[in-house]
Amino acid sequence: TFVVTENCIKCKYTDCVEVCPVDCFHEGPNYLVIDPDECIDCTLCEPECPAEAIVSEDDLPADQHHFLALNAELSQEWPVITEQRDPPADAEEWDGKPDKLKLLER
Ligand code: SF4
Ligand code: F3S
């Protein structure tokens, strides 16, 4: 499965959702997740993310491993998103900032 990692938080560009053939992206207030039970590993979303936040489970850096469980958990709670939206006005400012997990809104 592919995983939406920390750098999506507060960037939320949503380019990723348009290409997913199985509609497995779910949307929260300032972050998106992939449902790991639905993802078919097609790889299409990975290059679409301007924040490079989408990573294969197999390539997750050690400090991002817990995002797999977070994607699984939140995809059960949040609605599916299939159409791109405007990103937050300050998305660029947040791109690449460390320690954004504490800013995740549920
Ligand atoms: Fe969807 Fe493919 Fe990305 Fe999985 S790898 S989330 S199936 S676009
Ligand atoms: Fe997030 Fe990148 Fe998609 S910032 S919303 S994973 S395009």
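Start at 1 and go down the list; that is how both ligands and their atoms are numbered.
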Identity and distance of the protein heavy atom lying nearest [atom]:
{"atom": "atom 2 (Fe) of ligand 2", "result": "C49 SG, 2.3 Å"}
{"atom": "atom 6 (S) of ligand 1", "result": "C24 SG, 3.4 Å"}
{"atom": "atom 1 (Fe) of ligand 2", "result": "C8 SG, 2.3 Å"}
{"atom": "atom 2 (Fe) of ligand 1", "result": "C42 SG, 2.2 Å"}
{"atom": "atom 5 (S) of ligand 1", "result": "T43 N, 3.3 Å"}
{"atom": "atom 1 (Fe) of ligand 1", "result": "C20 SG, 2.3 Å"}

Any side-chain heavy atom of [X] sitting closer than 4.5 Å to one from [Y]?
{"X": "L70", "Y": "L104", "answer": "yes"}
{"X": "L101", "Y": "F67", "answer": "yes"}
{"X": "N7", "Y": "K100", "answer": "yes"}
{"X": "I34", "Y": "I54", "answer": "yes"}

From C16, C39, C45 - option closest to atom 3 (Fe) of ligand 1 by heavy atom: C45
Which atoms of ligand 2 have any heavy atom of [X] under 4.0 Å away?
{"X": "Y13", "value": "4 (S), 5 (S), 7 (S)"}
{"X": "I54", "value": "6 (S)"}
{"X": "T14", "value": "3 (Fe), 5 (S), 7 (S)"}
{"X": "C16", "value": "3 (Fe), 5 (S), 6 (S), 7 (S)"}
{"X": "D15", "value": "7 (S)"}

Hey, could you give me the CG/CD distance between D63 and E6, rounded to the nearest 0.5 Å? 7.0 Å
What is the distance from atom SG of C11 to atom CG of L32, rounded to the nearest 0.5 Å?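 The SG atom of C11 sits 12.0 Å away from the CG atom of L32.
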Interfacing atoms of ligand 1 (cut-off 4.0 Å, heavy-atom, [X]):
{"X": "F2", "result": "5 (S)"}
{"X": "V22", "result": "7 (S)"}
{"X": "I34", "result": "6 (S)"}

Out of curiosity, is K12 lining ligand 2, as in a heavy atom under 4.0 Å away? yes
Structural part of I40 in contact with ligand 1, heavy atom criterion under 4.0 angstrom: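 For I40, backbone and side-chain atoms both sit under 4.0 Å from ligand 1.
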Should the pair K10-E92 be classified as a salt bridge under the 4.0 Å nitrogen-to-oxygen rule?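 Judged by the 4.0 Å cut-off on N to carboxylate O distance, K10 and E92 do not form a salt bridge.
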Quick one: do E27 and R85 make a salt bridge, cutoff under 4.0 Å? yes
So for V17 against ligand 2, with non-hydrogen atoms under 4.0 Å, the contacting part is neither
Test item: E46 side-chain N/O and V55 main-chain N/O as donor-acceptor pair under 3.5 Å: no
Check this for me: E52, atom CD, are more than 12 non-hydrogen atoms of other residues, nucleotides or ligands nearer than 6.0 Å?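 Result for CD/E52: open.
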Same cluster (ILVMFWY, side-chain, under 4.5 Å), L74 and I9: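 L74 and I9: one cluster.
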Looking just at side-chain N and O atoms, do N71 and D35 make a donor-acceptor pair shorter than 3.5 Å?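 Result is no, nothing qualifies.
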Do any N/O/S atoms of C11 come under 2.8 Å of atom 1 (Fe) of ligand 2?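 No - counting backbone and side chain alike, C11 has no N, O or S atom under 2.8 Å.
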